[in-house]
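By convention here, the first residue in the shown sequence is residue 1.
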Amino acid sequence: MFYRALNRTALTASALLLAGAFTADDAAAKSLTLNQYVLPKHVVVTKGSIPLIEEIKEASDGEIDIKLFTGGTPLSAQATLGGLQAGAVDAGMVILTYHPAEFPVIQYLNDLAAPTDDTLVVAGAFNEYVMTKCQRCLDEFKAAGVVFTGSYTAAPLLLVNREVYRTPEDLMAKRVRIPGGDYNSRWADYFGLSPINVGGSEIYEMMNRGAVDITLNPAAILQTHSLADVAKSVITMPVAMHRVSSPFVFAAGSWADLSEQERRAFLDSTSAAMMRITGAYLEESEAALDAARAGGDLEVIEPSEELKAKMTEFQEQDLDTIYRIAREQYKIEDPETIRDDFITLVEKWKGIAEETGRDAQKMGERLRDDVYSNLDASSYGL
């Protein structure tokens with residue numbers, strides 16, 4: 001089972017760690033706007049934005065006020081990057097793979113299969129690579145007029161099915177909803193599936209009337225979109241791992257307007273938030289699978305050896321395609337080296353996960369200590 005038990009220890013606020021970050025020189029109050037296109041109950045808001053806002057407010061003695069917008073107002077997911085570039089908001093969540101022309105190396109990193117199913121490990125490795133090992137990544141953010149402060153990793157995408165499927169033959173010619181992306185399309189083709197690209201809000205109705213046989217989503221969708229009412233099985237085979245949702249991307253001008261102490265405080269707080277959100281995603285998906293098992297109407301199926309073997313075959317043969325796209329489309333001269341360096345960091349974070357017992361708070365502290373604390377707040381993003 002790819003989900004491992006997550007410690008349920010309450011995630012205490014890290015404001016005490018930030019309390020010394022502000023000085024009497026930062027007397028003038030600042031008002032910042034933060035756009036999260038997700039709904040108010042989404043974990044990005046409840047586990048990420050709200051705690052961060054509280055931490056920054058306490059650390060600054062109330063001198064920084066952050067106005068939070070949710071639900072796609074004023075900016076949708078697709079419009080957030082442009083809104084940041086235009087100065088419509090100070091910070092917001094950007095799905096980086098929506099903008100491959102601006103962030104080609106990030107797109108490439110997201111396409112790479114990681115040698116683990118542990119999203120906490122991948123979150124640590126991805127953020128460390130981008131922020132400390134990838135100058136081209138940072139140059140791409142600067143050219144786009146924004147500042148990267150970290151990404152979380154969503155729970156793995158599984159096969160949520162209208163009927164009970166167990167083998168590769170069962171999947172042949174089925175209509176699968178995929179959340180976009182060339183990698184997901186290639187996966188669907190390799191398994192003989194017919195991909196359909198529709199929004200999350202449409203999945204329930206389409207599956208209910210038989211227009212979709214399978215949807216590729218984290219297991220949490222069983223509850224968040226009521227798919228437990230229409231699906232009959234879930235195959236717990238991780239197909240992809242989305243690691244490019246960056247909830248606190250800053251407009252370059254807004255970041256520059258912060259003092260060095262304020263930038264330091266934001267970096268320290270966002271490091272904890274990345275792991276907190278990642279852990280919450282896993283908890284939601286595990287809870288949905290537990291509810292499915294307890295209910296008995298929906299079968300939770302471990303992938304067969306045949307399915308796992310076919311998945312491995314796909315990943316091995318697709319690597320050449322990923323390398324080719326990296327060179328031809330993204331103009332990356334050394335995709336093999338980037339992959340090797342990223343996997344080295346994955347192995348490092350596997351060790352950290354073992355040391356910390358996969359506790360999201362402790363892993364957030366390690367992300368801060370090992371990565372974010374080494375960023376120079378006087379120059380990072382400027």
Side-chain angles (χ1 to χ4, degrees), residues 2-14 34-56 66 68-73 75-77 80 91-97 110 117-124 126-127 149-158 160 179 199-201 203 215-228 238 240-249 269-292 353 358-365 367:
F2 69 90
Y3 289 115
R4 299 174 178 86
L6 284 170
N7 287 338
R8 304 289 175 165
T9 305
L11 298 179
T12 57
S14 61
L34 173 62
N35 183 80
Q36 304 291 10
Y37 65 84
V38 295
L39 295 174
K41 292 185 178 181
H42 195 283
V43 295
V44 166
V45 175
T46 60
K47 301 296 185 181
S49 300
I50 291 176
L52 179 138
I53 290 170
E54 292 172 350
E55 289 165 9
I56 296 298
I66 302 175
L68 175 64
F69 297 95
T70 62
T73 302
L75 298 170
S76 67
T80 301
M93 182 154 74
V94 177
I95 308 300
L96 301 174
T97 49
N110 192 63
D117 54 23
D118 191 334
T119 54
L120 290 164
V121 167
V122 173
F126 182 83
N127 284 305
T149 64
S151 286
Y152 64 84
T153 301
L157 303 183
L158 309 182
V160 181
S201 61
I203 298 172
T215 182
L216 201 60
N217 279 95
I221 199 171
L222 293 169
Q223 295 182 338
T224 59
H225 290 66
S226 301
L227 287 199
M241 196 178 291
H242 178 87
R243 64 201 73 150
V244 288
S245 292
S246 189
F248 308 115
V249 175
S269 191
T270 54
S271 62
M274 294 310 111
M275 288 300 187
R276 200 162 54 223
I277 296 169
T278 299
Y281 258 102
L282 283 176
E283 289 184 357
E284 278 194 346
S285 287
E286 183 60 40
L289 290 174
D290 286 345
R358 298 188 67 256
D359 180 279
Q361 180 183 350
K362 292 178 180 178
M363 291 188 73
E365 291 168 358
L367 184 61

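One finds the CE atom of M363 at 8.5 Å from the CG atom of L367 (value rounded to the nearest 0.5 Å). Taking CD1 of I277 as the start and OG1 of T46 as the end, the distance is 8.5 Å to the nearest 0.5 Å. Atom CD1 of I66 is separated from atom CD1 of I56 by 6.0 Å, given to the nearest 0.5 angstrom. Distance check, rounded to the nearest 0.5 Å: CZ of R243 to OG1 of T119 gives 10.5 Å. Rounded to the nearest 0.5 angstrom, N127 CG and M274 CE are separated by 7.0 Å.
Between P179 and N217 there is no side-chain heavy-atom pair separated by less than 4.5 Å. Taking the side chain as every heavy atom from C-beta outward, M275 and L120 approach each other to under 4.5 Å. Contact annotation: the side chain of L96 never approaches that of N110 to less than 4.5 Å [non-hydrogen atoms, C-beta and beyond]. Contact check for I50 versus V45: side-chain heavy atoms found under the 4.5 Å cut-off. For the pair H242/I95, a side-chain contact is recorded, criterion being any heavy-atom separation below 4.5 Å from C-beta on.
Across every non-hydrogen atom of A360 and G279, the tightest pair is CB-CA, 4.4 Å. In terms of heavy atoms, Q36 sits closest to S49 at NE2-OG, 3.0 Å. Contact between P218 and S285 at its shortest, heavy atoms only, is CB-OG, 3.7 Å. Between A123 and T278, the shortest heavy-atom distance links the atoms CB-OG1, 3.8 Å. Scanning all heavy atoms of the two residues, the minimum distance from S76 to T80 falls at O-OG1, 2.7 Å. The nearest pair of heavy atoms linking P247 to S151 is CD-CA, 4.5 Å.
Side-chain atoms of S226 do not come within 3.5 Å of backbone N or O of L222 as any donor-acceptor pair. In this structure, H225 contributes its side chain and L227 its backbone to no donor-acceptor pair below 3.5 Å. Side-chain atoms of S246 do not come within 3.5 Å of backbone N or O of M93 as any donor-acceptor pair.
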The test is side chain to side chain contact (heavy atoms under 4.5 Å, CB included); show your working for V44 and S245 and say whether it passes. CA-CA 10 Å; V44 166; S245 292; over 6 Å; no
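Ring pair Y281/Y152 is parallel by interplanar angle, where below 30° counts as parallel and above 60° as perpendicular.
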